[in-house]
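Structure first, commentary second.
First the proteins, then the strands, lettered A, B, ... as listed; each starts at 1. Hydrogens, waters and symmetry mates are skipped; everything else that's a heavy atom, side chains included, is used.
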There are 2 protein chains.
Amino acid sequence: MIRRLSQARERGIPEATVARLPLYLRALNGMAERGLATVSSEDLAVAAGVNSAKLRKDLSHLGSYGTRGVGYDVEYLIYQISRELGLTQDWAVAIVGVGNLGRALANYGGFVSRGFRVAALLDADPEVVGDRIAGLNVEHIDELEAVIRRRGVSIVVLATPAAAAQQVADRVVAAGITSILNFAPVVLSVPEGVDIRKVDLSIELQILAFHEQRKTDRMTGGPAMAEEWPEAVDL
Amino acid sequence: MIRRLSQARERGIPEATVARLPLYLRALNGMAERGLATVSSEDLAVAAGVNSAKLRKDLSHLGSYGTRGVGYDVEYLIYQISRELGLTQDWAVAIVGVGNLGRALANYGGFVSRGFRVAALLDADPEVVGDRIAGLNVEHIDELEAVIRRRGVSIVVLATPAAAAQQVADRVVAAGITSILNFAPVVLSVPEGVDIRKVDLSIELQILAFHEQRKTDRMTGGPAMAEEWPEAVDL
DNA sequence: CTCACTTTGTGCATCGGTTCACAAAGGGAC
DNA sequence: GTCCCTTTGTGAACCGATGCACAAAGTGAG
Ligand SMILES: NC(=O)c1ccc[n+]([C@@H]2O[C@H](COP(=O)([O-])OP(=O)(O)OC[C@H]3O[C@@H](n4cnc5c(N)ncnc54)[C@H](O)[C@@H]3O)[C@@H](O)[C@H]2O)c1
Ligand SMILES: NC(=O)c1ccc[n+]([C@@H]2O[C@H](COP(=O)([O-])OP(=O)(O)OC[C@H]3O[C@@H](n4cnc5c(N)ncnc54)[C@H](O)[C@@H]3O)[C@@H](O)[C@H]2O)c1
């Protein structure tokens with residue numbers, strides 16, 4: 001009996017691979033909607049915007065789910081990737097900080113689509129607490145621990161001002177949360193074992209500006225030769 | 001005469017370094033506000049949440065701006081990093097798609113702080129066009145090319161629905177833009193020489209879910225042994 | 001069954017990035 | 001000036017990720 005279960009996946013999928021799986025999943029969902037039954041690594045790679053060898057290596061970390069000469073079964077692969085990412089279960093998400101950004105996130109539909117459900121909104125401002133947004137009542141931050149417990153929240157999205165973020169993160173972690181998505185422009189310090197991912201608009205723009213400057217420099221012939229400190233700032 | 005100008009920086013700063021420079025800049029600004037005149041690589045590294053050797057190597061790509069035995073002059077380093085990133089000039093940004101997210105971005109203050117200025121808002125919905133948001137008139141997408149030219153826009157933020165993103169990107173690129181920040185969950189295809197950065201909430205959540213699942217699996221003792229395809233989907 | 005064709009899965013070379021660890025450089029005390 | 005202390009800048013080992021290129025595996029025609 002040849003059981004080739006978890007052949008090449010005793011444990012440990014490379015981080016770079018994990019970051020691409022959602023991309024493959026999105027491309028596969030589009031294909032499933034268009035009625036495709038199977039797809040080759042080449043086609044899927046193009047749809048996901050990656051190299052096909054990389055795609056095959058990524059998928060090989062989950063197991064041997066393709067058929068040589070044919071490709072991958074679309075539905076089956078969707079299931080396997082979803083399972084690997086933990087999307088076959090339902091994740092309750094709390095958004096802390098219901099300002100400009102928090103509201104946009106709360107109203108965002110594409111959120112729910114795949115396993116994630118906004119289960120709570122929390123804010124410190126009494127003006128905001130009690131508002132009804134996207135079918136949810138905004139609750140007071142004092143209720144944080146109780147809300148997390150009661151709603152089974154396991155992922156927290158931080159959308160407070162930068163100054164409040166660390167303090168809120170500390171409470172959230174103390175309440176047992178180990179996965180945080182941070183929108184505030186600060187480096188959060190958390191204990192080992194807590195995963196933080198950050199989304200930082202300002203950093204993205206600065207990276208774009210860097211490359212944009214290089215491009216226009218190249219046009220106008222080299223950097224503007226102003227390598228000197230322009231004003232005599234006390235040094 | 002020993003001119004050690006652009007000693008170790010003939011051209012080409014590693015991409016990983018570029019992505020961290022904004023982080024250092026942010027930490028340095030905080031220090032400048034608190035009145036610190038100099039900082040060691042160790043202290044700055046802690047503030048930015050990186051290893052100090054990495055920080056020193058990163059900075060060494062810009063030039064030799066530290067003083068052995070002392071550290072780095074805070075103001076001077078702020079200036080050098082800002083210049084390298086292109087933040088000593090002013091960047092005009094256009095936001096295309098003024099829905100939930102576009103509005104939040106337009107109202108976001110931290111945007112302007114460092115060299116970036118929201119110079120135009122564009123939308124296709126006649127209901128939205130003409131609205132006044134954050135002191136700007138929302139203009140019709142038909143005016144895209146004219147607005148980009150007139151306002152000197154060089155970076156475009158895409159906040160349209162996924163279905164419209166590629167089409168808008170094509171027009172934006174045709175209008176001469178080479179830097180795009182994309183919030184729509186699609187893989188955009190653009191000509192070589194155009195830089196795209198994407199911010200994808202859904203991917204971030206999925207990555208968190210993956211790790212969260214691993215953590216709880218470990219608690220409850222290995223994966224739930226459900227390695228089989230649960231329902232007989234036609235394969 | 002055999003043969004031609006397609007496509008996967010992976011060994012291997014390569015590359016970019018990280019980290020260690022230390023020589024070289026500078027500051028300040030005396 | 002000399003000596004000691006601090007901290008930078010970087011060579012070199014290491015590590016993970018990428019991409020080529022191909023053998024192995026499967027399909028389908030005849
Ligand atoms: N708006 C954007 O487009 C945008 C973009 C990038 C980053 N950000 C960052 O996201 C965060 C939120 O931005 P915003 O524009 O929504 O700001 P905002 O001021 O509109 O909203 C912040 C909300 O957090 C609440 N808050 C403050 N302290 C709190 C606490 N201790 N506990 C709970 N809630 C608290 C406030 O009452 C407010 O409702 C900021 O850190 C900002 O830098 C925003
Ligand atoms: N809202 C969020 O928190 C959030 C989070 C992550 C990603 N996103 C993504 O950001 C994008 C915008 O999200 P949203 O919630 O603001 O959506 P939305 O529907 O509220 O806003 C989209 C806006 O784009 C405009 N638009 C449509 N087609 C256009 C075109 N061809 N040219 C110009 N404008 C056009 C619409 O009129 C609308 O005003 C979506 O792709 C969404 O998936 C949103």
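Of the listed nucleotides (dT19(C), dT8(D), dG9(C)), dT8(D) has the atom at the smallest distance from the side chain of Tyr72(B). Candidate nucleotides dG17(C), dT8(C), dT18(D) were compared by shortest atom distance to the side chain of Ser40(A), and dT8(C) ranks first. When each of dG19(D), dG9(D), dC20(C) is scored by its nearest atom to the side-chain atoms of Ala53(B), the top-ranked nucleotide is dC20(C). Picking from dT8(D), dG9(D), dT18(D) the nucleotide with the shortest atom distance to the side chain of Ser64(B) gives dG9(D). Among the nucleotides dT27(D), dG26(C), dG9(C), the one closest to the side chain of Thr67(B) is dG26(C).
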For this session: Apply ring pair (Phe, Tyr, Trp, His ring centres under 6.0 Å) to the pair Tyr76(A) and Tyr65(A), showing each step before the final yes or no.
Result: CA-CA 8 Å; Tyr76(A) 185 58; Tyr65(A) 297 141; 5.5 Å; yes
Exercise. Can Asp200(A) and Arg26(B) be said to form a salt bridge (Lys or Arg N to Asp or Glu O under 4.0 Å), step by step?
Worked result: CA-CA 12 Å; Asp200(A) 197 318; Arg26(B) 188 176 286 157; 2.7 Å; yes
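Here the side chains of Leu201(A) and Phe183(B) are in contact, with some heavy-atom distance below 4.5 Å. Residues Val190(A) and Asp170(A) fail the side-chain proximity criterion, which asks for heavy atoms closer than 4.5 Å.
Side-chain N/O atoms of Asn51(B) include none lying less than 4.0 angstrom from OP1 or OP2 on dG17(C). Side-chain nitrogen and oxygen atoms of Arg56(B) include none within less than 4.0 Å of the OP1 or OP2 phosphate oxygen of dC22(C). Dashed line: the shortest gap from a side-chain N or O of Ser41(B) to OP1 or OP2 of dT7(D) is not under 4.0 Å.
Judged by distance alone, with hydrogens and angles left aside, Lys57(B) brings no side-chain donor or acceptor close enough to the base of dT18(C) to form a pair under 3.5 Å. Looking at Arg68(B), its side chain has no donor and acceptor atom pair within 3.5 Å of the base of dT7(D).
Atoms CG (Leu77(B)) and P (dT7(D)) sit 16 Å apart, rounded to a whole Å. Summarising the geometry, the separation between CG on Leu62(A) and P on dG9(C) is reported as 10 Å, rounded to the nearest angstrom. Between Leu44(A) atom CG and dG9(C) atom C1' the separation is 15 Å, expressed in whole Å. Rounded to an integer number of Å, the gap from Lys54(B) NZ to dG17(C) P is 11 Å. Whole-Å rounding puts the Asp73(B) CG to dT8(D) P distance at 13 Å. Here dG16(C) presents its C1' atom at 11 Å from NE2 of His61(B), a figure rounded to the nearest Å. Regarding Leu59(B), its CG atom lies at a distance of 9 Å from the P atom of dT8(D), rounded to whole Å. The distance between atom CZ of Arg20(A) and atom P of dA17(D), rounded to the nearest whole Å, is 8 Å.
Glu42(A) comes within 4.0 angstrom of no nucleic acid atom, judged by non-hydrogen atoms across all strands. Among the atoms of the strands shown, only primed sugar atoms or phosphate atoms (P, OP1, OP2) are found under 4.0 Å from some heavy atom of Ala16(A).
Defined by atom type and a distance below 3.5 Å, a donor-acceptor pair is present between the side-chain atoms of Gln206(A) and Ser202(A).
Both Asp58(A) and Val70(A) sit near DNA chain D, but only Asp58(A) has its closest nucleotide nearer the 5' end.
In summary, Arg20(B) and Glu15(B) do not engage in a salt bridge, as defined by a charged side-chain N under 4.0 Å from a carboxylate O.
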